[in-house]
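We name chains A, B, ... by the order of the sequence lines, and we start the count at 1 in each one.
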There are 2 protein chains.
Amino acid sequence: MNQLSDTAAFSPLYKEVKRRLTGSIAAGEWRPGEALPSETRLAQGFNVSIGTLRKAIDELVAERIVVRHQGRGTFVATHSANRLLFHFFHIVPRGGDKQYPDTATLAFRRGRAEPAEAAKLQLAPGDPVLRVRNLLSLGGRPVILDDLVLPQRLFQDLSEKILTARDNTIYHLYQTRYGINVLRTSERLSATLADAQTAKLLGLKKGAPLLEIKRIAYTYHSAPVELRRSLVDTTGHEYFSDIGK
Amino acid sequence: MNQLSDTAAFSPLYKEVKRRLTGSIAAGEWRPGEALPSETRLAQGFNVSIGTLRKAIDELVAERIVVRHQGRGTFVATHSANRLLFHFFHIVPRGGDKQYPDTATLAFRRGRAEPAEAAKLQLAPGDPVLRVRNLLSLGGRPVILDDLVLPQRLFQDLSEKILTARDNTIYHLYQTRYGINVLRTSERLSATLADAQTAKLLGLKKGAPLLEIKRIAYTYHSAPVELRRSLVDTTGHEYFSDIGK
DNA sequence: AAGTGGTCTAGACCACCAT
DNA sequence: TGGTGGTCTAGACCACTTA
(Lines give C-alpha, C1' and ligand atoms only; values in the text may rest on other atoms or scores of the structure.)
Protein backbone atom coordinates (compact mmCIF):
# COMPACT_ATOMS: atom_id res chain seq x y z
CA MET A 1 0.00 0.00 0.00
CA ASN A 2 3.06 2.18 0.06
CA GLN A 3 4.21 1.39 -3.44
CA LEU A 4 2.66 4.48 -4.98
CA SER A 5 4.77 7.58 -4.54
CA ASP A 6 3.04 10.93 -4.83
CA THR A 7 5.45 12.05 -7.55
CA ALA A 8 4.79 11.28 -11.18
CA ALA A 9 8.10 9.50 -11.90
CA PHE A 10 8.33 5.94 -10.63
CA SER A 11 11.07 4.98 -8.22
CA PRO A 12 11.51 2.32 -5.56
CA LEU A 13 10.19 3.14 -2.13
CA TYR A 14 13.61 2.94 -0.51
CA LYS A 15 14.94 5.55 -2.96
CA GLU A 16 12.15 7.88 -1.90
CA VAL A 17 13.03 7.27 1.76
CA LYS A 18 16.69 7.93 0.98
CA ARG A 19 15.80 11.15 -0.81
CA ARG A 20 13.79 12.41 2.16
CA LEU A 21 16.57 11.50 4.59
CA THR A 22 19.18 13.26 2.45
CA GLY A 23 16.89 16.27 2.23
CA SER A 24 16.47 16.43 6.00
CA ILE A 25 20.22 16.15 6.54
CA ALA A 26 20.98 18.78 3.89
CA ALA A 27 18.38 21.05 5.53
CA GLY A 28 20.12 20.66 8.86
CA GLU A 29 17.36 18.74 10.63
CA TRP A 30 20.13 16.62 12.15
CA ARG A 31 23.53 18.33 12.29
CA PRO A 32 26.80 16.57 11.47
CA GLY A 33 27.79 14.37 14.40
CA GLU A 34 24.22 14.09 15.69
CA ALA A 35 22.35 10.81 15.83
CA LEU A 36 19.39 10.08 13.59
CA PRO A 37 16.31 8.54 15.22
CA SER A 38 16.57 4.77 15.57
CA GLU A 39 15.81 2.59 12.58
CA THR A 40 12.61 1.34 14.19
CA ARG A 41 11.38 4.87 14.76
CA LEU A 42 12.37 6.08 11.28
CA ALA A 43 10.64 3.09 9.69
CA GLN A 44 7.48 3.87 11.62
CA GLY A 45 7.76 7.55 10.72
CA PHE A 46 8.04 6.81 7.01
CA ASN A 47 5.47 4.03 7.34
CA VAL A 48 7.78 1.45 5.71
CA SER A 49 9.23 -1.81 6.92
CA ILE A 50 12.53 -1.90 8.74
CA GLY A 51 14.11 -3.71 5.77
CA THR A 52 13.20 -0.92 3.37
CA LEU A 53 14.44 1.74 5.78
CA ARG A 54 17.72 -0.14 6.19
CA LYS A 55 18.20 -0.37 2.43
CA ALA A 56 17.89 3.43 2.22
CA ILE A 57 20.43 3.90 5.00
CA ASP A 58 22.75 1.33 3.40
CA GLU A 59 23.12 3.66 0.43
CA LEU A 60 23.68 6.72 2.63
CA VAL A 61 26.44 4.78 4.38
CA ALA A 62 27.98 3.83 1.02
CA GLU A 63 27.99 7.52 0.06
CA ARG A 64 29.49 8.42 3.44
CA ILE A 65 26.61 10.71 4.29
CA VAL A 66 25.94 8.84 7.56
CA VAL A 67 27.90 6.44 9.75
CA ARG A 68 26.45 3.48 11.65
CA HIS A 69 27.69 2.37 15.07
CA GLN A 70 26.30 -0.91 16.27
CA GLY A 71 24.66 -0.53 19.66
CA ARG A 72 24.85 3.29 19.57
CA GLY A 73 22.98 4.56 16.57
CA THR A 74 23.35 6.16 13.14
CA PHE A 75 25.09 9.53 12.89
CA VAL A 76 25.47 12.25 10.28
CA ALA A 77 29.06 12.02 8.97
CA THR A 78 31.55 14.66 10.08
CA HIS A 79 34.84 15.92 8.69
CA SER A 80 37.04 14.66 11.45
CA ALA A 81 40.75 15.16 10.95
CA ASN A 82 41.06 11.46 10.26
CA ARG A 83 38.40 11.47 7.61
CA LEU A 84 40.17 14.28 5.79
CA LEU A 85 43.50 12.54 6.07
CA PHE A 86 42.21 9.26 4.72
CA HIS A 87 39.63 10.43 2.27
CA PHE A 88 40.40 13.80 0.68
CA PHE A 89 44.11 14.33 1.29
CA HIS A 90 46.16 12.26 -1.13
CA ILE A 91 49.75 13.37 -0.59
CA VAL A 92 51.96 10.90 1.28
CA PRO A 93 55.70 10.76 1.95
CA ARG A 94 57.56 8.39 -0.35
CA GLY A 95 57.78 5.17 1.62
CA GLY A 96 56.52 6.72 4.83
CA ASP A 97 53.31 7.11 6.80
CA LYS A 98 50.70 9.76 6.26
CA GLN A 99 51.08 12.95 8.23
CA TYR A 100 48.96 16.04 8.85
CA PRO A 101 49.91 19.19 6.93
CA ASP A 102 50.56 22.55 8.58
CA THR A 103 48.76 25.34 6.75
CA ALA A 104 49.88 28.95 6.32
CA THR A 105 47.49 31.38 4.62
CA LEU A 106 49.49 33.60 2.26
CA ALA A 107 46.63 35.58 0.74
CA PHE A 108 42.92 36.23 1.17
CA ARG A 109 41.13 38.35 -1.43
CA ARG A 110 37.66 39.06 -2.75
CA GLY A 111 37.21 38.97 -6.49
CA ARG A 112 34.93 38.03 -9.35
CA ALA A 113 34.54 34.68 -11.08
CA GLU A 114 36.33 34.23 -14.40
CA PRO A 115 34.11 32.57 -17.05
CA ALA A 116 35.88 29.19 -16.70
CA GLU A 117 35.61 29.32 -12.91
CA ALA A 118 31.97 30.36 -13.04
CA ALA A 119 31.14 27.39 -15.25
CA LYS A 120 32.75 24.94 -12.87
CA LEU A 121 31.12 26.50 -9.79
CA GLN A 122 27.75 26.90 -11.51
CA LEU A 123 27.88 30.67 -11.08
CA ALA A 124 27.46 33.54 -13.52
CA PRO A 125 30.70 35.13 -14.78
CA GLY A 126 31.55 38.09 -12.57
CA ASP A 127 29.77 36.71 -9.49
CA PRO A 128 31.66 37.50 -6.28
CA VAL A 129 34.15 34.89 -5.12
CA LEU A 130 36.77 34.54 -2.41
CA ARG A 131 40.36 33.70 -3.37
CA VAL A 132 42.61 32.03 -0.84
CA ARG A 133 46.24 31.01 -1.17
CA ASN A 134 47.61 28.47 1.30
CA LEU A 135 51.07 27.00 1.70
CA LEU A 136 51.03 23.50 3.21
CA SER A 137 54.04 22.03 4.94
CA LEU A 138 54.76 18.40 5.74
CA GLY A 139 57.48 17.48 8.16
CA GLY A 140 58.40 21.17 8.48
CA ARG A 141 59.08 21.70 4.77
CA PRO A 142 56.74 23.46 2.28
CA VAL A 143 55.34 20.91 -0.16
CA ILE A 144 51.98 22.12 -1.51
CA LEU A 145 50.79 25.50 -2.78
CA ASP A 146 46.97 25.70 -2.83
CA ASP A 147 44.84 28.30 -4.58
CA LEU A 148 41.15 28.14 -3.67
CA VAL A 149 38.17 29.83 -5.28
CA LEU A 150 34.96 29.90 -3.20
CA PRO A 151 31.53 31.30 -4.08
CA GLN A 152 31.04 34.33 -1.81
CA ARG A 153 27.35 33.48 -1.52
CA LEU A 154 28.05 30.19 0.31
CA PHE A 155 30.63 31.63 2.72
CA GLN A 156 28.93 34.87 3.74
CA ASP A 157 31.05 36.11 6.61
CA LEU A 158 34.29 34.27 5.87
CA SER A 159 37.28 36.48 6.60
CA GLU A 160 41.02 35.95 6.77
CA LYS A 161 40.74 36.04 10.54
CA ILE A 162 38.11 33.32 10.69
CA LEU A 163 40.03 31.23 8.18
CA THR A 164 43.32 31.36 10.03
CA ALA A 165 41.77 31.03 13.49
CA ARG A 166 40.36 27.57 12.75
CA ASP A 167 41.74 24.73 14.82
CA ASN A 168 40.81 21.98 12.37
CA THR A 169 40.72 21.25 8.64
CA ILE A 170 39.23 23.74 6.21
CA TYR A 171 36.51 21.23 5.25
CA HIS A 172 35.60 21.02 8.92
CA LEU A 173 35.23 24.81 8.93
CA TYR A 174 32.99 24.66 5.84
CA GLN A 175 30.86 22.11 7.66
CA THR A 176 30.57 23.63 11.10
CA ARG A 177 30.34 27.31 10.23
CA TYR A 178 28.61 27.23 6.85
CA GLY A 179 26.76 23.92 6.92
CA ILE A 180 28.58 22.80 3.79
CA ASN A 181 29.51 19.14 3.80
CA VAL A 182 32.07 18.18 1.15
CA LEU A 183 31.19 14.65 0.02
CA ARG A 184 32.86 14.16 -3.32
CA THR A 185 35.76 15.58 -5.30
CA SER A 186 36.75 15.40 -8.95
CA GLU A 187 40.40 15.90 -9.73
CA ARG A 188 42.54 16.37 -12.84
CA LEU A 189 46.30 15.88 -12.55
CA SER A 190 49.16 16.90 -14.80
CA ALA A 191 52.88 17.63 -14.69
CA THR A 192 54.21 21.15 -15.04
CA LEU A 193 57.31 23.25 -14.30
CA ALA A 194 57.73 25.66 -11.41
CA ASP A 195 57.67 29.35 -12.28
CA ALA A 196 59.93 31.74 -10.37
CA GLN A 197 57.36 32.70 -7.72
CA THR A 198 56.18 29.16 -7.01
CA ALA A 199 59.75 27.88 -6.90
CA LYS A 200 60.61 30.47 -4.28
CA LEU A 201 57.61 29.60 -2.11
CA LEU A 202 58.35 25.87 -2.25
CA GLY A 203 62.11 26.27 -1.87
CA LEU A 204 62.88 24.90 -5.34
CA LYS A 205 64.70 26.05 -8.43
CA LYS A 206 62.72 27.59 -11.26
CA GLY A 207 61.86 24.86 -13.77
CA ALA A 208 61.62 22.08 -11.17
CA PRO A 209 58.89 19.52 -11.99
CA LEU A 210 55.61 19.97 -10.08
CA LEU A 211 52.42 17.95 -9.87
CA GLU A 212 49.41 20.12 -10.65
CA ILE A 213 46.02 19.05 -9.23
CA LYS A 214 42.82 20.80 -10.21
CA ARG A 215 39.94 19.88 -7.91
CA ILE A 216 36.23 20.57 -7.82
CA ALA A 217 34.61 19.73 -4.46
CA TYR A 218 30.91 18.87 -4.30
CA THR A 219 28.29 18.66 -1.55
CA TYR A 220 24.82 17.04 -1.54
CA HIS A 221 23.13 16.76 -4.93
CA SER A 222 26.52 17.27 -6.65
CA ALA A 223 26.47 21.01 -6.04
CA PRO A 224 30.02 22.44 -6.50
CA VAL A 225 31.30 24.42 -3.51
CA GLU A 226 35.04 24.86 -4.01
CA LEU A 227 37.60 25.14 -6.79
CA ARG A 228 41.17 24.29 -5.90
CA ARG A 229 44.47 24.22 -7.76
CA SER A 230 47.37 22.56 -5.98
CA LEU A 231 51.02 22.56 -6.98
CA VAL A 232 52.93 19.77 -5.29
CA ASP A 233 56.66 19.24 -4.94
CA THR A 234 56.91 15.48 -5.45
CA THR A 235 60.58 15.22 -4.57
CA GLY A 236 59.81 13.59 -1.25
CA HIS A 237 56.07 12.96 -1.56
CA GLU A 238 53.59 11.25 -3.90
CA TYR A 239 49.90 11.38 -4.76
CA PHE A 240 48.12 8.11 -4.13
CA SER A 241 44.96 6.70 -5.65
CA ASP A 242 43.37 3.33 -4.92
CA ILE A 243 40.78 2.11 -7.41
CA GLY A 244 38.29 -0.66 -6.71
CA LYS A 245 37.29 -2.62 -3.61
CA MET B 1 20.15 -23.78 12.17
CA ASN B 2 22.76 -22.53 9.73
CA GLN B 3 24.31 -20.02 12.06
CA LEU B 4 27.17 -22.26 13.06
CA SER B 5 29.95 -22.27 10.52
CA ASP B 6 32.32 -25.20 10.54
CA THR B 7 35.33 -22.90 10.92
CA ALA B 8 36.49 -21.75 14.32
CA ALA B 9 36.36 -18.01 13.65
CA PHE B 10 32.90 -16.46 13.76
CA SER B 11 31.57 -14.63 10.77
CA PRO B 12 28.14 -13.85 9.40
CA LEU B 13 26.57 -16.48 7.22
CA TYR B 14 26.43 -14.21 4.17
CA LYS B 15 30.19 -13.62 4.43
CA GLU B 16 30.73 -17.35 4.34
CA VAL B 17 28.49 -17.62 1.28
CA LYS B 18 30.37 -14.76 -0.35
CA ARG B 19 33.69 -16.45 0.39
CA ARG B 20 32.56 -19.68 -1.22
CA LEU B 21 31.23 -17.87 -4.27
CA THR B 22 34.49 -15.91 -4.67
CA GLY B 23 36.41 -19.15 -4.29
CA SER B 24 34.37 -20.85 -7.00
CA ILE B 25 34.82 -17.91 -9.35
CA ALA B 26 38.56 -17.69 -8.64
CA ALA B 27 38.80 -21.45 -9.25
CA GLY B 28 37.13 -21.01 -12.63
CA GLU B 29 33.92 -22.89 -11.82
CA TRP B 30 32.11 -20.15 -13.76
CA ARG B 31 34.29 -18.32 -16.29
CA PRO B 32 34.18 -14.55 -16.84
CA GLY B 33 31.10 -13.68 -18.85
CA GLU B 34 29.26 -16.84 -17.81
CA ALA B 35 26.08 -16.77 -15.76
CA LEU B 36 25.94 -18.01 -12.19
CA PRO B 37 23.02 -20.26 -11.23
CA SER B 38 19.89 -18.31 -10.34
CA GLU B 39 19.58 -16.80 -6.89
CA THR B 40 16.88 -19.29 -5.95
CA ARG B 41 19.07 -22.23 -6.92
CA LEU B 42 22.17 -20.82 -5.21
CA ALA B 43 20.21 -20.18 -2.02
CA GLN B 44 18.95 -23.76 -2.04
CA GLY B 45 22.46 -25.03 -2.77
CA PHE B 46 23.95 -23.16 0.17
CA ASN B 47 20.90 -23.93 2.28
CA VAL B 48 20.35 -20.26 3.15
CA SER B 49 17.46 -17.90 2.57
CA ILE B 50 17.25 -15.87 -0.60
CA GLY B 51 17.84 -12.70 1.43
CA THR B 52 21.14 -13.97 2.79
CA LEU B 53 22.26 -15.13 -0.65
CA ARG B 54 21.40 -11.73 -2.09
CA LYS B 55 23.39 -9.93 0.57
CA ALA B 56 26.45 -11.98 -0.39
CA ILE B 57 25.97 -11.16 -4.07
CA ASP B 58 25.39 -7.48 -3.21
CA GLU B 59 28.96 -7.32 -1.96
CA LEU B 60 30.34 -9.14 -4.99
CA VAL B 61 28.56 -6.58 -7.16
CA ALA B 62 30.03 -3.71 -5.11
CA GLU B 63 33.49 -5.21 -5.66
CA ARG B 64 32.76 -5.61 -9.37
CA ILE B 65 33.38 -9.35 -9.24
CA VAL B 66 29.95 -10.08 -10.72
CA VAL B 67 27.34 -8.09 -12.62
CA ARG B 68 23.56 -8.45 -12.29
CA HIS B 69 21.13 -8.09 -15.19
CA GLN B 70 17.50 -8.01 -14.22
CA GLY B 71 15.54 -10.70 -16.03
CA ARG B 72 18.69 -12.36 -17.41
CA GLY B 73 20.87 -13.47 -14.53
CA THR B 74 24.10 -12.75 -12.64
CA PHE B 75 27.37 -12.93 -14.58
CA VAL B 76 31.05 -13.07 -13.72
CA ALA B 77 32.50 -9.64 -14.59
CA THR B 78 34.63 -9.33 -17.72
CA HIS B 79 37.24 -6.83 -18.88
CA SER B 80 35.29 -5.39 -21.74
CA ALA B 81 36.92 -2.51 -23.58
CA ASN B 82 34.43 -0.19 -21.93
CA ARG B 83 35.21 -1.40 -18.46
CA LEU B 84 38.89 -0.76 -19.02
CA LEU B 85 38.21 2.66 -20.46
CA PHE B 86 36.01 3.73 -17.60
CA HIS B 87 37.62 1.94 -14.71
CA PHE B 88 41.37 1.44 -15.07
CA PHE B 89 42.41 3.92 -17.74
CA HIS B 90 42.58 7.44 -16.32
CA ILE B 91 44.11 9.55 -19.08
CA VAL B 92 41.72 11.89 -20.86
CA PRO B 93 42.20 14.71 -23.36
CA ARG B 94 42.03 18.18 -21.81
CA GLY B 95 38.48 19.28 -22.33
CA GLY B 96 37.62 16.38 -24.62
CA ASP B 97 36.03 12.96 -24.48
CA LYS B 98 37.74 9.73 -23.55
CA GLN B 99 39.31 7.78 -26.34
CA TYR B 100 40.87 4.33 -26.74
CA PRO B 101 44.66 4.17 -26.89
CA ASP B 102 46.61 2.45 -29.67
CA THR B 103 49.37 0.26 -28.25
CA ALA B 104 52.77 -0.51 -29.79
CA THR B 105 55.00 -3.02 -28.02
CA LEU B 106 58.59 -1.71 -28.07
CA ALA B 107 60.26 -4.44 -26.03
CA PHE B 108 59.59 -7.86 -24.55
CA ARG B 109 62.25 -9.43 -22.34
CA ARG B 110 62.63 -12.09 -19.66
CA GLY B 111 64.50 -11.11 -16.52
CA ARG B 112 64.72 -11.48 -12.76
CA ALA B 113 62.90 -9.51 -10.08
CA GLU B 114 64.81 -6.71 -8.36
CA PRO B 115 64.36 -6.72 -4.57
CA ALA B 116 61.95 -3.76 -4.64
CA GLU B 117 59.90 -5.35 -7.41
CA ALA B 118 59.86 -8.71 -5.67
CA ALA B 119 58.49 -7.15 -2.50
CA LYS B 120 55.64 -5.47 -4.37
CA LEU B 121 54.79 -8.61 -6.36
CA GLN B 122 55.18 -10.91 -3.34
CA LEU B 123 57.98 -12.82 -5.04
CA ALA B 124 61.49 -13.73 -3.94
CA PRO B 125 64.27 -11.50 -5.30
CA GLY B 126 65.64 -13.06 -8.47
CA ASP B 127 62.40 -14.86 -9.37
CA PRO B 128 61.77 -14.88 -13.12
CA VAL B 129 59.69 -12.01 -14.48
CA LEU B 130 58.60 -10.68 -17.86
CA ARG B 131 59.39 -7.08 -18.81
CA VAL B 132 57.26 -5.34 -21.40
CA ARG B 133 57.57 -1.82 -22.78
CA ASN B 134 54.54 -0.33 -24.54
CA LEU B 135 54.04 3.02 -26.24
CA LEU B 136 50.43 4.19 -26.16
CA SER B 137 49.09 6.74 -28.61
CA LEU B 138 45.96 8.85 -28.37
CA GLY B 139 44.60 10.63 -31.39
CA GLY B 140 47.59 9.41 -33.40
CA ARG B 141 50.23 10.98 -31.14
CA PRO B 142 52.39 9.10 -28.59
CA VAL B 143 51.35 10.11 -25.06
CA ILE B 144 52.17 7.29 -22.61
CA LEU B 145 55.23 5.10 -22.16
CA ASP B 146 54.44 1.98 -20.10
CA ASP B 147 56.93 -0.41 -18.49
CA LEU B 148 55.35 -3.59 -17.10
CA VAL B 149 56.80 -6.25 -14.82
CA LEU B 150 54.88 -9.54 -14.67
CA PRO B 151 55.58 -12.66 -12.59
CA GLN B 152 56.63 -15.34 -15.10
CA ARG B 153 54.83 -17.96 -13.00
CA LEU B 154 51.40 -16.40 -13.64
CA PHE B 155 51.90 -15.92 -17.39
CA GLN B 156 53.46 -19.23 -18.37
CA ASP B 157 53.43 -19.16 -22.15
CA LEU B 158 53.21 -15.41 -22.73
CA SER B 159 55.36 -14.37 -25.69
CA GLU B 160 55.79 -11.17 -27.66
CA LYS B 161 53.74 -12.77 -30.43
CA ILE B 162 50.81 -13.58 -28.16
CA LEU B 163 51.02 -10.13 -26.59
CA THR B 164 50.96 -8.20 -29.84
CA ALA B 165 48.41 -10.48 -31.52
CA ARG B 166 45.71 -9.62 -28.97
CA ASP B 167 42.68 -7.82 -30.34
CA ASN B 168 41.58 -6.35 -27.03
CA THR B 169 43.01 -4.78 -23.87
CA ILE B 170 45.93 -6.34 -22.06
CA TYR B 171 43.76 -6.94 -18.98
CA HIS B 172 41.35 -8.83 -21.21
CA LEU B 173 44.28 -11.01 -22.30
CA TYR B 174 45.24 -11.64 -18.68
CA GLN B 175 41.70 -12.69 -18.01
CA THR B 176 40.93 -14.89 -21.00
CA ARG B 177 44.29 -16.59 -21.50
CA TYR B 178 45.62 -16.76 -17.94
CA GLY B 179 42.47 -16.62 -15.82
CA ILE B 180 43.76 -13.53 -14.05
CA ASN B 181 41.09 -10.97 -13.30
CA VAL B 182 42.43 -7.53 -12.35
CA LEU B 183 40.01 -6.10 -9.79
CA ARG B 184 41.87 -3.35 -8.01
CA THR B 185 44.84 -1.06 -8.57
CA SER B 186 46.93 1.07 -6.28
CA GLU B 187 48.71 4.02 -7.87
CA ARG B 188 51.34 6.57 -6.82
CA LEU B 189 51.76 9.70 -8.93
CA SER B 190 54.55 12.24 -9.12
CA ALA B 191 56.06 14.78 -11.51
CA THR B 192 59.38 14.22 -13.19
CA LEU B 193 61.45 15.39 -16.17
CA ALA B 194 61.90 13.52 -19.44
CA ASP B 195 65.30 11.92 -20.03
CA ALA B 196 66.72 11.89 -23.55
CA GLN B 197 65.38 8.46 -24.51
CA THR B 198 61.86 9.02 -23.16
CA ALA B 199 61.70 12.47 -24.74
CA LYS B 200 62.55 10.98 -28.12
CA LEU B 201 59.89 8.27 -27.83
CA LEU B 202 57.19 10.76 -26.84
CA GLY B 203 58.28 13.41 -29.31
CA LEU B 204 59.31 15.91 -26.63
CA LYS B 205 62.39 17.86 -25.67
CA LYS B 206 64.64 16.48 -22.95
CA GLY B 207 63.62 18.01 -19.62
CA ALA B 208 59.93 18.31 -20.50
CA PRO B 209 57.63 17.72 -17.50
CA LEU B 210 56.10 14.23 -17.31
CA LEU B 211 53.55 12.61 -15.04
CA GLU B 212 54.92 9.40 -13.54
CA ILE B 213 52.41 6.74 -12.41
CA LYS B 214 53.51 3.66 -10.50
CA ARG B 215 50.77 1.04 -10.34
CA ILE B 216 50.31 -2.29 -8.63
CA ALA B 217 47.40 -4.33 -10.01
CA TYR B 218 45.65 -6.91 -7.82
CA THR B 219 43.33 -9.84 -8.41
CA TYR B 220 41.14 -11.83 -5.96
CA HIS B 221 42.30 -11.84 -2.34
CA SER B 222 44.52 -8.81 -3.07
CA ALA B 223 47.17 -10.90 -4.79
CA PRO B 224 49.47 -8.63 -6.87
CA VAL B 225 49.75 -9.63 -10.53
CA GLU B 226 51.33 -6.69 -12.36
CA LEU B 227 53.73 -3.82 -11.73
CA ARG B 228 53.51 -0.86 -14.07
CA ARG B 229 55.32 2.43 -14.45
CA SER B 230 53.78 4.94 -16.82
CA LEU B 231 55.27 8.20 -18.06
CA VAL B 232 52.61 10.53 -19.44
CA ASP B 233 52.97 13.64 -21.56
CA THR B 234 50.32 15.88 -20.01
CA THR B 235 50.60 18.64 -22.61
CA GLY B 236 47.28 17.69 -24.15
CA HIS B 237 45.99 15.13 -21.64
CA GLU B 238 45.25 14.83 -17.92
CA TYR B 239 44.87 12.11 -15.28
CA PHE B 240 41.45 12.11 -13.66
CA SER B 241 40.35 10.82 -10.29
CA ASP B 242 36.86 10.97 -8.80
CA ILE B 243 36.57 10.37 -5.08
CA GLY B 244 33.35 9.54 -3.28
CA LYS B 245 29.77 8.76 -4.38
C1' DA C 1 4.46 -17.90 -20.40
C1' DA C 2 8.33 -18.98 -17.77
C1' DG C 3 12.38 -17.60 -15.47
C1' DT C 4 15.34 -14.07 -13.68
C1' DG C 5 16.64 -10.36 -10.58
C1' DG C 6 14.36 -6.20 -7.76
C1' DT C 7 11.41 -4.63 -4.06
C1' DC C 8 8.92 -4.96 0.18
C1' DT C 9 7.14 -6.95 4.24
C1' DA C 10 6.93 -8.82 9.26
C1' DG C 11 9.10 -10.80 12.59
C1' DA C 12 12.78 -13.42 15.21
C1' DC C 13 17.07 -13.44 17.30
C1' DC C 14 22.07 -11.90 17.94
C1' DA C 15 25.95 -8.61 19.05
C1' DC C 16 27.15 -4.50 20.97
C1' DC C 17 26.86 -0.30 23.89
C1' DA C 18 25.44 2.63 27.60
C1' DT C 19 23.65 2.80 32.17
C1' DT D 1 18.78 -4.01 31.53
C1' DG D 2 17.06 -1.68 27.65
C1' DG D 3 18.02 0.22 23.29
C1' DT D 4 20.66 0.17 19.09
C1' DG D 5 22.21 -1.70 14.78
C1' DG D 6 23.38 -6.54 12.43
C1' DT D 7 21.84 -10.95 10.69
C1' DC D 8 18.59 -14.23 8.94
C1' DT D 9 14.31 -16.06 7.51
C1' DA D 10 10.02 -17.05 4.46
C1' DG D 11 7.17 -15.49 1.40
C1' DA D 12 4.62 -12.18 -1.73
C1' DC D 13 4.59 -9.46 -5.63
C1' DC D 14 6.79 -6.48 -9.41
C1' DA D 15 9.79 -5.52 -13.58
C1' DC D 16 12.39 -7.22 -17.07
C1' DT D 17 14.16 -10.57 -20.58
C1' DT D 18 13.77 -14.40 -23.57
C1' DA D 19 11.48 -17.67 -26.15
Side-chain angles (χ1 to χ4, degrees), chain A residues 1-21 24-25 30 33-78, chain B residues 1-21 24-25 30 33-78:
Chain A
M1 53 186 89
N2 270 303
Q3 275 76 344
L4 299 177
S5 119
D6 40 325
T7 63
F10 169 81
S11 93
L13 188 48
Y14 76 91
K15 291 277 187 191
E16 175 67 20
V17 172
K18 178 188 170 193
R19 203 173 307 118
R20 291 204 216 172
L21 285 170
S24 293
I25 292 170
W30 310 294
E34 284 184 10
L36 272 58
S38 78
E39 298 186 340
T40 322
R41 223 162 316 190
L42 282 173
Q44 286 170 351
F46 287 120
N47 201 16
V48 301
S49 79
I50 189 85
T52 301
L53 188 275
R54 277 183 64 81
K55 187 151 186 183
I57 294 192
D58 282 346
E59 295 209 346
L60 296 181
V61 169
E63 294 172 25
R64 297 188 196 76
I65 291 175
V66 302
V67 178
R68 283 205 262 233
H69 292 291
Q70 187 175 11
R72 296 207 288 133
T74 303
F75 302 80
V76 180
T78 63
Chain B
M1 53 185 89
N2 270 301
Q3 275 76 341
L4 300 177
S5 118
D6 40 325
T7 63
F10 169 82
S11 93
L13 188 48
Y14 77 91
K15 290 278 188 189
E16 175 67 22
V17 171
K18 177 189 169 191
R19 203 174 307 118
R20 291 203 215 170
L21 285 170
S24 293
I25 292 169
W30 310 293
E34 284 182 12
L36 272 59
S38 78
E39 298 185 342
T40 322
R41 222 162 316 189
L42 283 172
Q44 285 170 353
F46 287 120
N47 201 16
V48 300
S49 79
I50 188 85
T52 301
L53 187 277
R54 277 184 64 79
K55 187 150 186 182
I57 294 193
D58 282 345
E59 296 208 347
L60 296 180
V61 169
E63 294 173 25
R64 298 188 195 75
I65 291 176
V66 303
V67 179
R68 285 204 262 232
H69 292 292
Q70 187 175 11
R72 295 209 287 134
T74 303
F75 301 81
V76 181
T78 63

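Nearest heavy-atom pair across Ser11(A) and Arg19(A) is OG-NH2, 3.4 Å. Here the closest non-hydrogen pair linking Thr78(B) and Gly33(B) is CG2-N, 3.2 Å.
Between Glu16(A) and Arg20(A) there is a salt bridge, with a side-chain nitrogen of the basic residue lying less than 4.0 Å from a carboxylate oxygen of the acidic one.
An OP1 or OP2 oxygen of dC8(C) is reached within less than 4.0 angstrom by no side-chain nitrogen or oxygen of Thr52(A). In this structure, Arg54(B) does not reach the dG5(C) phosphate: none of its side-chain N or O atoms is under 4.0 Å from OP1 or OP2. Phosphate proximity of dG3(D) to Ser38(A): absent, as no side-chain N or O sits under 4.0 Å from OP1 or OP2. Arg68(B) has a side-chain polar atom (N or O) that falls below the 4.0 Å cut-off from OP1 or OP2 of dG6(C). For Ser49(A) and dC8(C), the shortest distance from a side-chain N or O to OP1 or OP2 is not below 4.0 Å. Phosphate contact (OP1/OP2 of dG3(D), side-chain N/O of Arg41(A), threshold under 4.0 Å): absent. In this structure, Lys55(B) does not reach the dC8(D) phosphate: none of its side-chain N or O atoms is under 4.0 Å from OP1 or OP2.
When the side-chain hydrogen bond (donor to acceptor under 3.5 Å, both in side chains) test is applied to Thr52(B), the partners found at least two apart in sequence or on another chain are Ser49(B).
Between the CG atom of Leu13(A) and the C1' atom of dC8(C) there is a distance of 8 Å, rounded to whole Å. Taking atom CD of residue Gln44(A) and atom P of nucleotide dG3(D), one finds them 13 Å apart after rounding to whole Å. Taking atom CD of Glu39(A) as the reference point, atom P of dG11(C) lies 17 Å away to the nearest angstrom. Leu53(A) places its CG atom 16 Å from the P atom of dG11(C), with the value rounded to the nearest Å. Rounded to whole Å, the distance from CD1 on Ile50(B) to C1' on dT4(C) is 10 Å. Between the CZ atom of Phe75(B) and the P atom of dG5(C) there is a distance of 8 Å, given to the nearest Å. Summarising the geometry, the separation between NZ on Lys18(B) and P on dC8(D) is reported as 13 Å, rounded to the nearest angstrom. The nearest whole Å value for the distance from the CZ atom in Phe46(A) to the P atom in dC8(C) is 14 Å.
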Using the 3.5 Å cut-off, write out each protein N or O paired with an N or O of nucleotides 16-19 of chain C and the distance between them.
none

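We find the CD1-CD1 distance between Ile57(B) and Ile65(B) to be 11.5 Å, quoted to the nearest 0.5 Å.
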Could you give the side-chain donor-acceptor pairs of residues 37-46 of chain B under 3.5 Å, partners two or more places apart or in another chain?
residue, atom, partner, partner atom, Å
Ser38(B), OG, Arg41(B), N, 3.3
Glu39(B), OE1, Arg54(B), NH1, 3.0
Glu39(B), OE2, Arg54(B), NH1, 3.0
Glu39(B), OE2, Arg68(B), NH1, 3.1

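For the pair Pro12(A) and Lys55(A), the minimum side-chain heavy-atom distance is 4.5 Å or more.
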